[in-house]
Protein chains: 2
Amino acid sequence: MVGSLTRAPLLAQEHVIAERKRRERISQSLLSLAALIPGLKKKDKNSVLGDAIEYLKQLQERKARLEEQIANRTVESVKFVKKTTQFYVQDDQTSSSDENFDTQSKNPFPDIEARVSNKDVLIRIHCETNKGCISNIISEVEKLHLSVLNSNALPFGQATLYITIVAQMDDEFSMTLRDLVKTLREGLLNFM
Amino acid sequence: MVGSLTRAPLLAQEHVIAERKRRERISQSLLSLAALIPGLKKKDKNSVLGDAIEYLKQLQERKARLEEQIANRTVESVKFVKKTTQFYVQDDQTSSSDENFDTQSKNPFPDIEARVSNKDVLIRIHCETNKGCISNIISEVEKLHLSVLNSNALPFGQATLYITIVAQMDDEFSMTLRDLVKTLREGLLNFM
DNA sequence: TCGAACACGTGATCC
DNA sequence: TGGATCACGTGTTCG
């Protein structure tokens, strides 16, 4: 009933106010939610919810796909190399792609291998030991907008070195991995 | 006014029903939205919205990070390989060099590569970082009648290690390189 | 006029 | 008993 007194008038007023606040919070949340949805036209309550749902599903799906991609990308293939090709490209997916890129086949060294993980780069080089070899190599690496975090050189066999370098790309770095290897190799050939 | 007749009674009923439907649609949407949020306890209207907002932001952030990762990570892993006569590693008889390894197993690790030069052996391992990893590996290597001269482990990427070991065969060593890798891999799989 | 969307006050319910 | 939440019917506004 309209005029019923089931509640003391004072409490009734508090009730009204409380409800008002509650409504206010909800519509604020709804507004914040709407702000997160890209390309939202209808500000209509139910549209906001509907589009939020749709967008959320889409995000979850995409996130899952990206994560799967990344996970699969870490999977490395072969290590036992048997090809004698000069320039052996090894993709992650196809473990035996042996297209032949020719380089000058005189000197087998340096042998270069590179991998990336986010902004980090791992470089492995197999080359002849010669004077200033290591500092030259590191200097070459740093020319490529890479800052060397760690390096290690192991002598092995007759006058050869196995060098492992971990470096980090700076903001200017923009090469593909393949170009990195190619450029580095050309740089190193100058003093070898 | 309460009893006002601004509306015909029949239309008034339609109004009520329409509003009922509208409310129903909204609460359905809200329910669907709640269903998409993982680990949601309070089914309270505003909590659903609040958590949806939070979750959405989190997803957007993660998606952005993943996309950045993918963009910066070049698809391939490129490798220069030269055949060298002095390091006679390559396996020339079979056409697919990885047939003897269980590349089918879910975990690609450990990735093992080995080379020899006279009595010296170079072993490179790419594996996940886990407890006691390095000492276990070295212990496994020594089981194969190899004495470790030098070892180096570089963390790279997400919880993986690039390990390089130089060892020397003792008189009892008689394995082929291929068997060495195979045996070592099997040994390592026991604790990985 | 009609249909849709909204905010409001209110009674009920659940810790 | 409060304090918070909910669904409801209603008046109003907009296209």
Those residues at least two apart in sequence (or on a different chain) that pass side-chain hydrogen bond (donor to acceptor under 3.5 Å, both in side chains) with B:Gln60 are A:Tyr55
When the C1' atoms of the five terminal pairs at each end define the local axes, what inter-axis angle does the helix from C:dC2-D:dG15 to C:dC15-D:dG2 show, to 10 degrees? 10°
Under 4.0 Å between a Lys/Arg side-chain N and an Asp/Glu carboxylate O for A:Glu140 and A:Lys143? yes
Under a 4.0 Å heavy-atom cutoff, the residues of residues 16-29 of chain A touching DNA chain D are A:Glu19, A:Arg22, A:Arg25
Residues 160-169 of chain A vs salt bridge (Lys or Arg N to Asp or Glu O under 4.0 Å), sequence neighbours excluded, gives none
For the base of C:dG9, is there a side-chain donor-acceptor partner from A:His15 under 3.5 Å away? no
Return the set of residues passing side-chain hydrogen bond (donor to acceptor under 3.5 Å, both in side chains) with A:Gln168 (not counting sequence neighbours), or none when no residue passes. A:Asp120
Note: contacts of residues 30-55 of chain B with DNA chain C (heavy atom, under 4.0 Å) are none
Pairing residues for B:Arg22 by the side-chain hydrogen bond (donor to acceptor under 3.5 Å, both in side chains) criterion, not counting sequence neighbours: B:Glu19
A:Glu14 CD to C:dG9 P, in whole Å, measures 15 Å
Suppose we screen for side chain to side chain contact (heavy atoms under 4.5 Å, CB included). Which residues come up paired with B:Asn46, at least two apart in sequence or across chains? A:Arg25, A:Ile26, A:Ser29, B:Asp44, B:Leu49
Once side chain to side chain contact (heavy atoms under 4.5 Å, CB included) is applied, do any residues pair with A:Ser151, and if so which ones, sequence neighbours excluded? A:Ile138, A:Val148, A:Ile165
Kindly write out the residues that satisfy side chain to side chain contact (heavy atoms under 4.5 Å, CB included) with B:Thr176, not counting sequence neighbours, or none if the list is empty. B:Arg178, B:Asp179
A:Glu61 meets the side chain to side chain contact (heavy atoms under 4.5 Å, CB included) criterion, sequence neighbours left out, with A:Arg65
Residue list, side-chain hydrogen bond (donor to acceptor under 3.5 Å, both in side chains) with A:Asn152, at least two apart or on another chain: none
